[in-house]
Amino acid sequence: MNGTDLAKLNLIAAKKSRMGGDLRKEYELLLKALEWLKSEEEHALLWKNYDLTFELYDAIMVSEYSIGSFKKALATIDEIMKHAKTLDEKISAYMHQILCKCAQTSDYCQSVEDGIKVLQLYGYEVDAAPTMTYMKKEELKLKMVLRNRPL
C-alpha cells in the first residue's frame with residue numbers, strides 16, 4: 001500500500017468521523033491523509049494527483065472552519081485558490097473565506113461586499129445598496145415566476 005492509498009483511506013475515515021460528529025478526529029485524519037500524500041510526492045508534485053489533492057484540501061478547509069481555526073482555514077483557502085482550475089472549484093473556498101473573515105472581524109458589511117464580488121465573478125450584477133424601487137421590481141419578478149406558488 002502506498003502513500004496515495006493511505007491518504008484515500010484516511011479521507012474516507014475522516015468523512016465517517018464527520019458524520020459521527022467528531023470534528024477534531026476528522027481534522028486529525030485529514031492532516032494525516034495530507035501527510036501521507038506529501039510523503040508520496042514532493043510538494044511541487046503534490047497537485048499532480050489533482051482530484052485527490054483538491055478533495056483533501058477542500059475537506060481540510062471545511063474542517064478548519066468547523067473547529068474555529070480560521071487562520072489555518074484562510075491559509076488552506078489560499079492554497080486552494082492557487083491551484084483550483086475552475087471558478088466552480090473556487091466557490092466553496094470563496095464562501096469559507098467570507099465566513100472566516102466575518103467570524104474573525106464581525107464586519108458583516110465587508111462580508112456582503114465580498115459576497116457581491118463573488119457573485120460578479122459569476123456574471124450576476126448586484127447593487128450593494130439597492131433602492132426600494134429596485135427591490136419592488138425584483139419582488140414583482142419573483143411573484144410572476146412563482147405564479148402564486150409559495151416560496
Subject >> Spacing of Asn49 atom CG and Thr4 atom OG1 [to the nearest 0.5 Å] >> reply: 5.5 Å
**OP:** Return yes when atom CE of Met81 has more than 12 non-hydrogen atoms of other residues, nucleotides or ligands closer than 6.0 Å, and no otherwise.
**Re:** yes
Subject >> Counterpart residues, side-chain hydrogen bond (donor to acceptor under 3.5 Å, both in side chains), relative to Tyr94 (two or more places apart) >> reply: none
Subject >> Counterpart residues, side chain to side chain contact (heavy atoms under 4.5 Å, CB included), relative to Ala59 (two or more places apart) >> reply: Leu11, Leu30
Subject >> side chain to side chain donor-acceptor pair (under 3.5 Å) contacts touching residues 5-21 (sequence neighbours left out) >> reply: Lys15-Glu55, Arg18-Glu26, Arg18-Ser66
For residues 136-144, dump all side-chain donor-acceptor pairs below 3.5 Å to protein atoms at least two apart in sequence or in another chain.
| residue | atom | partner | partner atom | Å |
| --- | --- | --- | --- | --- |
| Glu138 | OE2 | Lys141 | NZ | 3.2 |

**OP:** Kindly compute the distance separating OG (Ser92) from CZ (Phe54), expressed to the nearest 0.5 Å.
**Re:** 7.0 Å
Original post:
Once you round to the nearest 0.5 Å, how far does NE2 of His96 lie from CD1 of Ile80?
Top reply: 9.0 Å
Original post:
For Tyr57 and Ile77, what are the C-alpha separation, side-chain angles and deciding distance, and is it a side chain to side chain contact (heavy atoms under 4.5 Å, CB included)?
Top reply: CA-CA 8 Å; Tyr57 270 103; Ile77 289 167; over 6 Å; no
Original post:
So how far is it from Ser63 OG to Arg24 CZ, rounded to the nearest 0.5 Å?
Top reply: 8.5 Å
Subject >> Asp58 side, atom CG; Thr76 side, atom OG1 - distance, nearest 0.5 Å >> reply: 10.5 Å
Original post:
Got a sec, which pairs hit salt bridge (Lys or Arg N to Asp or Glu O under 4.0 Å) with one end in residues 106-115, sequence neighbours left out?
Top reply: none
Subject >> By salt bridge (Lys or Arg N to Asp or Glu O under 4.0 Å) - contacts of Lys82 (at least two apart) >> reply: Glu79
Subject >> By side chain to side chain contact (heavy atoms under 4.5 Å, CB included) - contacts of Ser111 (at least two apart) >> reply: Ile98, Cys102
Original post:
So if you build clusters from Ile, Leu, Val, Met, Phe, Trp, Tyr with side-chain heavy-atom gaps below 4.5 Å, do Leu99 and Tyr27 land together?
Top reply: no
Subject >> Linked, directly or transitively: Leu34 and Leu29 (ILVMFWY side chains, under 4.5 Å) >> reply: no
Subject >> Sequence-distant partners of Asp78, side chain to side chain contact (heavy atoms under 4.5 Å, CB included), two or more places apart >> reply: none
Original post:
What closest approach, in Å, do Met61 and Ala93 show between heavy atoms, and which atom pair accounts for it?
Top reply: SD-CA, 3.5 Å
Which donor-acceptor pairs under 3.5 Å do side chains of residues 115-125 form with protein atoms, sequence neighbours excluded?
| residue | atom | partner | partner atom | Å |
| --- | --- | --- | --- | --- |
| Tyr122 | OH | Leu87 | O | 3.1 |
| Tyr122 | OH | Asp88 | OD1 | 3.3 |

**OP:** Identify, with sequence neighbours excluded, every residue that meets salt bridge (Lys or Arg N to Asp or Glu O under 4.0 Å) alongside Lys32.
**Re:** Glu35
Subject >> Residues forming a side chain to side chain contact (heavy atoms under 4.5 Å, CB included) with Gln104, sequence neighbours excluded >> reply: Phe70, Lys71, Leu74
**OP:** Just jot down the side-chain hydrogen bond (donor to acceptor under 3.5 Å, both in side chains) partners of Glu89, sequence neighbours excluded, or say none.
**Re:** Tyr50
**OP:** Mind checking the CE-SG spacing from Met95 to Cys100? Nearest 0.5 Å is all I need.
**Re:** 9.5 Å
